[in-house]
Amino acid sequence: MAVTEALRLLPIDASSYVCHPLHAPERDWPETNCYVDLWIEVLHALGHDPVAGLAFTLGVGFDGDQWEFFKYPAEDLLALYGIQVREINVWRSLEDHIATHLALGHLLTVEADSWYLPDTAGVAYRLTHQKTTIVPQHLDPANRRIGYFHNAGYFELEGEDYDGVLRLGDPDGLVPYVELVAMERQVHRETDALRAQVDGLVRAYVARRPTENPVAQLAARITADLPWLREHPDLFHAYAFGSLRQCGAWASVAATFVRWLGNPATDAAAEHLDGISGLAKTAQFKLARVLAGRTVDLDEQLSTMASHWQHAMATIAAAYGG
């Protein structure tokens with residue numbers, strides 16, 4: 001199928017797009033992970049409040065070798081915003097699938113290679129091949145141009161990057177993971193209605209929060225990994241992302257969500273979560289000393305972070321029946 005028509009779902013432009021305050025540069029962690037950041041901006045562009053969907057952060061924990069890669073659950077997106085997300089079978093070119101669904105009023109989340117994403121310049125663009133996720137909302141095949149959500153904003157690419165992202169030069173390569181974002185039953189709720197809807201989600205996630213202190217587990221793992229990390233400084237950035245950065249970013253957005261709830265009984269919990277966020281940033285800077293072969297002692301920061309988690313979760317559980 002030859003695609004020639006330019007398609008655009010939303011009247012936005014990369015040069016004037018204003019990102020959501022969750023991505024404000026003054027925050028401890030202006031970015032979290034590719035999937036959460038992506039959905040923050042997609043929901044924001046669609047006129048929803050992405051903070052309302054962060055109840056899932058209250059159930060996040062440690063996976064044994066890394067902090068949980070937290071994500072908006074599909075069931076929460078459906079319950080709160082009426083947006084249905086489901087995997088689709090990729091049997092044609094990505095260009096064809098994107099064009100078809102934009103014409104139908106759908107979005108697609110598309111697994112992509114950061115090598116071809118100019119918004120990652122200086123980090124991955126034309127430097128390294130990294131798996132990430134984008135959501136194209138503008139496709140112009142004739143001019144080989146795409147407008148797409150990625151990480152903390154909305155961007156455009158063209159030319160060789162168009163071919164690379166859509167895998168036009170590798171039709172027999174590994175099929176990417178693609179999700180359909182169906183919005184036929186999209187619902188826009190006022191804040192009070194959202195809070196009423198979210199209350200049940202909060203109670204559910206608090207009830208299945210980690211049974212052991214995950215920050216203490218992370219701390220123990222980092223301490224045990226220090227000798228290994230000194231011998232593998234080339235893996236520092238990947239290690240820091242999966243440990244302190246994900247933990248800190250999680251705490252930061254969780255604090256924002258707890259404040260959004262507007263419940264005075266949990267105000268102190270938000271302060272404790274902010275404490276984790278700030279200390280994780282400090283600890284990451286200290287951890288970077290291993291790159292110079294220096295001795296690193298993170299015991300004070302990590303133990304305080306674990307204490308903050310304990311107090312935050314106890315406060316939230318007391319307020320929401322956990």
Side-chain angles (χ1 to χ4, degrees), residues 20-37 39-40 50-73 76 151-152 198 201-202 205-206 208-223 239-263 265-287 298-320 322:
H20 188 272
L22 280 171
H23 289 139
E26 63 269 18
R27 289 178 65 88
D28 284 344
W29 308 91
E31 296 184 13
T32 59
N33 63 55
C34 64
Y35 200 79
V36 168
D37 289 333
W39 271 106
I40 287 171
V51 177
L54 293 171
F56 68 92
T57 59
L58 302 182
V60 168
F62 182 64
D63 283 340
D65 66 345
Q66 59 192 278
W67 193 257
E68 182 179 336
F69 191 86
F70 53 102
K71 301 170 67 173
Y72 280 93
D76 291 5
N151 286 342
V198 165
L201 291 176
V202 172
Y205 283 113
V206 169
R208 59 178 188 256
R209 67 193 183 280
T211 55
E212 295 184 40
N213 187 321
V215 180
Q217 293 175 317
L218 172 66
R221 180 64 194 238
I222 290 175
T223 300
Y239 183 85
F241 175 84
S243 56
L244 288 167
R245 178 177 167 185
Q246 281 301 281
C247 178
W250 156 79
S252 181
V253 294
T256 299
F257 171 72
V258 170
R259 288 193 174 91
W260 176 88
L261 289 171
N263 186 343
T266 58
D267 286 347
E271 295 296 324
H272 284 296
L273 290 165
D274 280 338
I276 295 173
S277 172
L279 286 168
K281 191 171 184 178
T282 300
Q284 180 172 274
F285 284 131
K286 289 186 69 174
L287 185 64
L298 302 176
D299 289 349
E300 182 179 354
Q301 284 84 12
L302 295 175
S303 63
T304 305
M305 287 167 60
S307 178
H308 278 312
W309 184 91
Q310 201 69 38
H311 289 299
M313 288 302 116
T315 300
I316 296 169
Y320 288 92

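Note that the coordinates shown come from a computational prediction; the quantities given were computed from them, not determined experimentally. What's counted below: heavy atoms across the whole structure, side chains too, no hydrogens, waters or symmetry copies.
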Straight-line distance of [X] [atom1] to [Y] [atom2], nearest 0.5 Å:
{"X": "Ile316", "Y": "Leu58", "atom1": "CD1", "atom2": "CG", "answer": "5.0 Å"}
{"X": "Met313", "Y": "Arg209", "atom1": "CE", "atom2": "CZ", "answer": "8.0 Å"}
{"X": "Asp267", "Y": "Thr315", "atom1": "CG", "atom2": "OG1", "answer": "10.0 Å"}
{"X": "Leu244", "Y": "Ile276", "atom1": "CG", "atom2": "CD1", "answer": "12.0 Å"}
{"X": "Met305", "Y": "Thr282", "atom1": "CE", "atom2": "OG1", "answer": "9.5 Å"}
{"X": "Arg221", "Y": "Tyr239", "atom1": "CZ", "atom2": "OH", "answer": "6.5 Å"}

Could you tell me which non-hydrogen atom of [X] sits nearest to which non-hydrogen atom of [Y], and how far apart they are?
{"X": "Pro25", "Y": "Pro30", "answer": "O-CG, 3.8 Å"}
{"X": "Ala255", "Y": "Ala270", "answer": "CB-O, 3.7 Å"}
{"X": "Ser252", "Y": "Trp29", "answer": "CB-CD1, 4.1 Å"}
{"X": "Val60", "Y": "Pro210", "answer": "O-CG, 3.5 Å"}
{"X": "Val206", "Y": "Ala317", "answer": "CG1-CA, 3.8 Å"}
{"X": "Ala251", "Y": "Ser277", "answer": "CB-N, 3.8 Å"}

So [Y] and [X], do their side chains get closer than 4.5 Å, heavy atoms only?
{"X": "Gln66", "Y": "Gln246", "value": "no"}
{"X": "Trp260", "Y": "Leu54", "value": "no"}
{"X": "Phe69", "Y": "Asp63", "value": "no"}
{"X": "Trp250", "Y": "Leu273", "value": "yes"}
{"X": "Phe62", "Y": "Asn213", "value": "no"}
{"X": "Asp76", "Y": "Tyr205", "value": "yes"}
{"X": "Arg27", "Y": "Leu22", "value": "yes"}
{"X": "Tyr320", "Y": "Leu261", "value": "yes"}

His23/Ile40 under side chain to side chain contact (heavy atoms under 4.5 Å, CB included): CA gap, chis, key distance, verdict: CA-CA 9 Å; His23 289 139; Ile40 287 171; 3.7 Å; yes
- prompt: Under the 3.5 angstrom rule, does the side chain of Asn33 hit a backbone N or O of Phe70 as a donor-acceptor pair?
  reply: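 The answer is yes, because a donor-acceptor pair under 3.5 Å joins these two groups.
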Q.
Below 30° counts as parallel, above 60° as perpendicular, anything between as tilted: where do the rings of Tyr72 and Phe56 land?
A.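 It falls in the tilted class, 30° to 60°.
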Which is it for Thr223 and Leu298 under the side chain to side chain contact (heavy atoms under 4.5 Å, CB included) test, yes or no, and what are the steps along the way?
CA-CA 8 Å; Thr223 300; Leu298 302 176; over 6 Å; no
message = Show, in sequence, the C-alpha distance, side-chain angles and deciding distance for His272 and Gln310, and conclude whether the side chain to side chain contact (heavy atoms under 4.5 Å, CB included) test is met.
response = CA-CA 9 Å; His272 284 296; Gln310 201 69 38; over 6 Å; no
